[in-house]
Undergrad: 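My questions will all concern the structure given below.
In what follows, chains are A, B, ... by sequence order, proteins preceding strands, each numbered from 1. Computation of the quantities below employed the complete heavy-atom set of this structure, encompassing side-chain atoms and omitting hydrogens, waters and symmetry-equivalent molecules.
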There are 2 protein chains.
Amino acid sequence: MNISTLCLAILSFGDATGYDIRKLSMEGSFSYFVDASYGAIYPALSKLADESLVTVRDEMQPGKPARKVYSITDKGRQELERSLNEPLQPDRIKSEFLLAALCAEYIDRDRMAEHIDQRIEQIHSQIDEFETIAEQDCSGERHEPTRWAVDFAHAMNEAKLAFLTTNRDRILACARPRRSREAAE
Amino acid sequence: MNISTLCLAILSFGDATGYDIRKLSMEGSFSYFVDASYGAIYPALSKLADESLVTVRDEMQPGKPARKVYSITDKGRQELERSLNEPLQPDRIKSEFLLAALCAEYIDRDRMAEHIDQRIEQIHSQIDEFETIAEQDCSGERHEPTRWAVDFAHAMNEAKLAFLTTNRDRILACARPRRSREAAE
DNA sequence: CACGTTATATGCTTTTTTGATATATAGCGG
DNA sequence: CCGCTATATATCAAAAAAGCATATAACGTG
């Protein structure tokens with residue numbers, strides 16, 4: 001799936017600026033499974049506008065920089081529908097952490113512990129973050145698919161957490177016993 | 001982390017060609033958490049060779065196209081170690097499926113069922129695949145970090161599977177009840 | 001035998017990421 | 001109050017990576 005589909009999907013929930021889309025894909029309910037940079041979003045939006053899949057309106061705010069608010073069109077919704085009907089790519093995970101774990105022998109034991117603990121913390125804060133989202137989203141309209149995706153993310157995060165805490169020592173044992181570098185870091 | 005580090009990491013396990021690296025990152029024990037295309041790997045290897053982090057040797061095989069076998073150097077190992085010591089980027093997940101789930105209302109119910117079942121099957125075959133890898137790897141030397149990563153992947157896959165089977169109906173209920181398109185697909 | 005698959009590598013085009021730049025406003029530490 | 005940083009907003013260029021086509025050669029299979 002390309003950025004265009006992502007933009008259409010987000011716009012199908014309501015009008016947004018490029019900035020909003022970026023934010024949703026980095027923090028909001030989308031953040032668990034997408035990632036998009038400005039450099040991808042803005043060109044995608046322009047292209048979508050050229051194809052009349054979205055419309056733009058300039059909103060001048062006194063003082064502030066003007067914002068371009070995008071709305072999905074009927075044609076856009078049809079295109080979104082079409083995309084969602086195509087075969088879906090399998091999920092992909094990119095994890096520097098697992099690569100590091102595989103190379104545990106090259107990492108000092110204390111450093112490895114830091115890596116793991118950092119990971120655990122990250123998951124904790126993501127869980128919190130999503131709980132906040134769930135509350136917000138569900139207090140009002142309670143959009144069930146959003147709720148479903150948030151629950152999905154929660155389940156995954158809990159499983160990861162469980163694995164990491166249970167198997168912490170096991171990977172630490174593979175790391176390099178610290179030698180002369182005790183003071184070095 | 002960039003492709004270069006991935007190449008160094010893989011080469012730290014033994015010599016390999018660009019083709020091998022690609023394969024490992026698509027099928028082998030690395031496939032759960034990395035992804036690399038030829039267009040990224042080959043240039044990365046050339047660059048690494050320029051910097052003497054790896055060496056190349058041409059292996060002419062009679063008839064077959066020559067292969068370039070890469071080996072990591074001491075300098076390369078140091079660089080790998082350095083990379084692994086840097087702060088690790090958080091894990092990223094890209095899932096077209098979850099985006100589709102979020103847009104369930106735009107998808108016909110039967111189609112959605114297909115999407116889910118396909119996902120479930122995929123996970124099953126990944127689990128099988130990894131079990132094979134685990135057996136192979138562990139019969140011989142039993143490289144514990146590899147085992148750890150495989151177990152990690154297994155735990156995640158099981159959790160995902162559990163969620164999907166348990167919450168299948170819940171998302172199906174959000175999908176669009178099929179209308180006049182019963183025959184259309 | 002024609003064709004598909006595996007092994008192997010290169011080059012080109014398109015997408016995406018990354019990072020710099022620009023502007024305006026609000027809040028905070030000193 | 002001043003300068004700094006953060007937030008909101010958008011653009012552009014450069015570097016990285018993905019994706020795809022192409023080439024060669026062996027091996028299998030219908």
Undergrad: Heavy atoms from C-beta onward define the side chain here; which of D/dA10, C/dT10, D/dA17 lies closest to that of A/K68?
TA: D/dA10

Undergrad: Taking CD1 from B/I41 and C1' from D/dG19, how many angstroms apart are they, rounded to a whole number?
TA: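 To the nearest whole Å, that distance equals 13 Å.
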
Undergrad: Please report, to 0.1 Å, the donor-acceptor pairs under 3.5 Å made by any side chain of residues 2-13 of chain B, with sequence neighbours excluded.
TA:
unit_1: B/N2; atom_1: OD1; unit_2: B/T5; atom_2: N; d: 3.4
unit_1: B/N2; atom_1: OD1; unit_2: B/T5; atom_2: OG1; d: 2.8
unit_1: B/S12; atom_1: OG; unit_2: B/A9; atom_2: O; d: 2.7

Undergrad: Thinking salt bridges, do A/D108 and A/R176 make one under a 4.0 Å N-O criterion?
TA: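 Result for this pair is yes, salt bridge flagged.
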
Undergrad: Answer with base, sugar-phosphate or nothing: what part of the nucleic acid does A/D20 contact at a heavy-atom distance below 4.0 Å?
TA: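 Sugar-phosphate, backbone atoms only, no base.
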
Undergrad: Taking atom P of D/dT11 as reference, at what distance in whole Å does atom CG of A/D58 sit?
TA: 9 Å

Undergrad: In the hydrophobic clustering (ILVMFWY, side-chain contacts below 4.5 Å, transitive), which residues join B/M26, or is it alone?
TA: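 When side chains under 4.5 Å apart are linked, B/M26 ends up in no cluster with other residues.
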
Undergrad: Could you tell me how far apart B/R67 (CZ) and D/dA26 (P) are, to the nearest whole angstrom?
TA: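 The answer, rounded to whole Å, is 16 Å.
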
Undergrad: When the C1' atoms of the five terminal pairs at each end define the local axes, what inter-axis angle does the helix from C/dC1-D/dG30 to C/dG30-D/dC1 show, to 10 degrees?
TA: 30°

Undergrad: Picking from C/dA9, D/dA18, C/dA7, which would you name as closest to the side chain of B/K23?
TA: C/dA7

Undergrad: Closest approach to the side chain of A/K47, judged atom by atom: which nucleotide of D/dT7, C/dT15, D/dA17 is it?
TA: C/dT15

Undergrad: Mind checking who shares a hydrophobic cluster with A/V69, ILVMFWY linked at side-chain heavy-atom distances under 4.5 Å?
TA: none

Undergrad: Is the phosphate of D/dA8, meaning OP1 or OP2, less than 4.0 Å from a side-chain N or O of A/T17?
TA: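 For D/dA8, OP1/OP2 do not have a side-chain N/O of A/T17 under 4.0 Å.
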
Undergrad: Between D/dT9, D/dA18, C/dT10, which one does the side chain of B/Y38 approach most closely?
TA: C/dT10

Undergrad: State plainly whether the residues B/R77 and B/E81 are in salt-bridge range, i.e. N to O under 4.0 Å.
TA: no

Undergrad: Establish, with yes or no, whether the OP1 or OP2 oxygen of D/dA8 is under 4.0 angstrom from a side-chain nitrogen or oxygen of A/Y19.
TA: yes

Undergrad: Can you name the residues that form a side-chain hydrogen bond (donor to acceptor under 3.5 Å, both in side chains) with A/K94, not counting sequence neighbours?
TA: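 Counting only residues at least two positions away or on another chain, A/K94 forms no side-chain hydrogen bond (donor to acceptor under 3.5 Å, both in side chains).
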
Undergrad: For B/G39, report the nucleic acid contact type (base, sugar-phosphate, nothing); a contact means any heavy atom under 4.0 Å.
TA: base

Undergrad: With the side chain of B/Y42 defined as its heavy atoms from C-beta on, choose the nearest nucleotide among C/dT17, D/dA18, C/dA9.
TA: C/dA9

Undergrad: Give every donor-acceptor pair under 3.5 Å between a side-chain atom in residues 34-54 of chain B and any protein atom, sequence neighbours left out.
TA:
unit_1: B/Y42; atom_1: OH; unit_2: B/Y19; atom_2: N; d: 3.2
unit_1: B/S46; atom_1: OG; unit_2: B/Y42; atom_2: O; d: 3.2

Undergrad: If you check every side-chain atom of B/S37, which of D/dA17, D/dA10, C/dT6 has the closest atom?
TA: D/dA17

